[in-house]
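Keep in mind that what you see is a predicted model, and the values were worked out from it rather than measured. Atoms within a ligand are numbered from 1 in the order they appear, just like the ligands themselves.
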Amino acid sequence: MPQTDADLLILGAGPAGLTAAQYGARANLRVLVVEELAPGGQALFIDTLENYPGYLASDPGTGKSGFEFAQNMHRQATTFGARFITQTAQALHKEGDIFTLTLENGEPLRGLAVIVATGAKHRLLDISGELEFAGKGVSYCATCDGPFFKGKRLFVVGGGDMACDEAQFLSHLSSQVVLVHRRDRFRAQKALAERVLHNPHITVRFNTRLQEIRGEKKVSSLVLGNTLTGESYEEAGDAVFICVGTIPQTSLVPQVQKDEQGYIITDQGMATSIAGIFCAGDVRACPFRQVVVAAGEGAVAAHSAAAYIDRITESGAAGEAL
Ligand code: NAP
């Protein structure tokens, strides 16, 4: 076998990538994780992580936020020997059995297997004022930006887990939170949705679309539309948090098989349609995207990658080019 920088290259350090790193390193693989931001992925946006089994957010010492949780996972992975590089990965190629990942500084990293755990990014609403007022009242992360708008009139758009989570978080900062959703019911998990519906600081407006964001230097009002009557109206507001879903980050692996929404399809061992490329977490086609699911998939992906590496190093078989 030619020399490589790692046995296993992991793209992304969210809960899936961090768990894969830990399992890979514990299986005695040389693991290299490439992440462009801080470890944690979408979990960094979770204010209170209350549904990870065995992790009681109320326990002193464990920490309660997704940020603290991610830091613990990162520490655990490095303790077992996984290495991390903070860089943007630009291209992935396969020749024979060797993958080469090119970083933005031009450095090539060579490995025998790859786990794609690149997650998903926020979807834009694509309406007038959204880009113009980004950072000036338009936000995609209440945990990051909410504290700037304490006591203000805040809007949240969306009907999934993220919108409900963000509205809940904002309701601790302001008693004037308005959640607008285009349909007449939430997509979010029932427990979360019920909490929002019973929160006295949150007003829910179903059958409502955000049509335009207005202001001078920052957001001052929103134009909303009732989807049943077709009526539009303008209302004062200081900030709007847009939570209308996510887009899977798959640009490094254009050739792997995906579903109609662009999420990567795998078998039950997290193997993709290309030998040696595995996938885990929010970028994978899966009906339920949760920290615990991403972590579980990361463990399975690392296990399968280890078995794959065993097979190719024993046989020395040449794979296809990518
Ligand atoms: P999501 O579940 O896909 O929900 C997106 C929401 O935005 C839907 O309610 C959708 O409306 C609405 N929407 C989409 N496009 C829109 C548009 N153009 N205009 C207006 N509304 C639009 O996405 P998410 O809530 O961001 O969550 C992403 C993933 O992370 C999900 O799998 C979720 O379960 C997971 N997550 C879990 C937790 C948790 O467990 N605590 C927290 C956050 C996120 P429709 O309902 O009409 O389609």
What protein heavy atom sits nearest [atom], and how far away is it?
atom	result
atom 19 (N) of ligand 1	L125 CD1, 3.3 Å
atom 14 (C) of ligand 1	V244 O, 3.2 Å
atom 33 (C) of ligand 1	D161 OD2, 3.4 Å
atom 3 (O) of ligand 1	G245 CA, 4.0 Å
atom 42 (C) of ligand 1	D165 OD2, 3.2 Å
atom 31 (C) of ligand 1	R289 CB, 4.1 Å
atom 46 (O) of ligand 1	R183 NH2, 2.8 Å
atom 4 (O) of ligand 1	R187 CD, 3.6 Å

Indicate whether the side chain of N51 and that of Q290 have a donor and an acceptor atom separated by less than 3.5 Å.
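The criterion, which ignores hydrogens and geometry beyond distance, is satisfied for Q290 and N51.
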Do N226 and E231 have a side chain donor and acceptor closer than 3.5 Å?
no
Please work out whether any backbone atom (N, CA, C, O) or any side-chain heavy atom from C-beta onward of C243 is under 4.0 Å from ligand 1, and answer side chain, backbone, both or neither.
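Only the backbone of C243 comes within reach of ligand 1.
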Is I46 touching ligand 1 with its side chain, its backbone, both, or neither, if touching means heavy atoms under 4.0 Å apart?
neither
Quick check on contacts: which atoms of ligand 1 are under 4.0 angstrom from a heavy atom of Q189?
39 (C), 40 (O)
Can you name the atoms of ligand 1, numbered from 1 with element, that are less than 4.0 Å from a heavy atom of N51?
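Every atom of ligand 1 under 4.0 Å from some heavy atom of N51: 40 (O).
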Where do F133 and R214 come nearest, in terms of heavy atoms and distance?
CE1-C, 3.9 Å
Students often mix this up, so state it plainly: with edges at 30° and 60°, are the rings of H122 and Y140 parallel, tilted or perpendicular?
parallel
Anything under 30° is parallel, anything over 60° is perpendicular, the rest tilted; go ahead and classify F149 against F241.
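Taking F241 first and then F149, their aromatic rings stand perpendicular (interplane angle over 60°).
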dist I264:CD1 -> R284:CZ (nearest 0.5 Å) comes out at 10.0 Å
Proximity flag R209 to ligand 1, non-hydrogen atoms under 4.0 Å
yes
Should H181 be listed as contacting ligand 1, given a heavy-atom distance under 4.0 Å as the test?
yes
Tell me if the [atom1] atom of [X] is crowded by more than 12 foreign heavy atoms within 6.0 Å.
X	atom1	value
H201	NE2	yes
F155	CZ	yes
F84	CZ	yes
Y233	OH	yes

Polar atom proximity, [X] to ligand 1 (N or O, under 3.5 Å):
X	result
R182	yes
M162	yes
Q290	yes

Ion pair check, R153 and D238, cut-off under 4.0 Å
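No, no charged N to carboxylate O under 4.0 Å.
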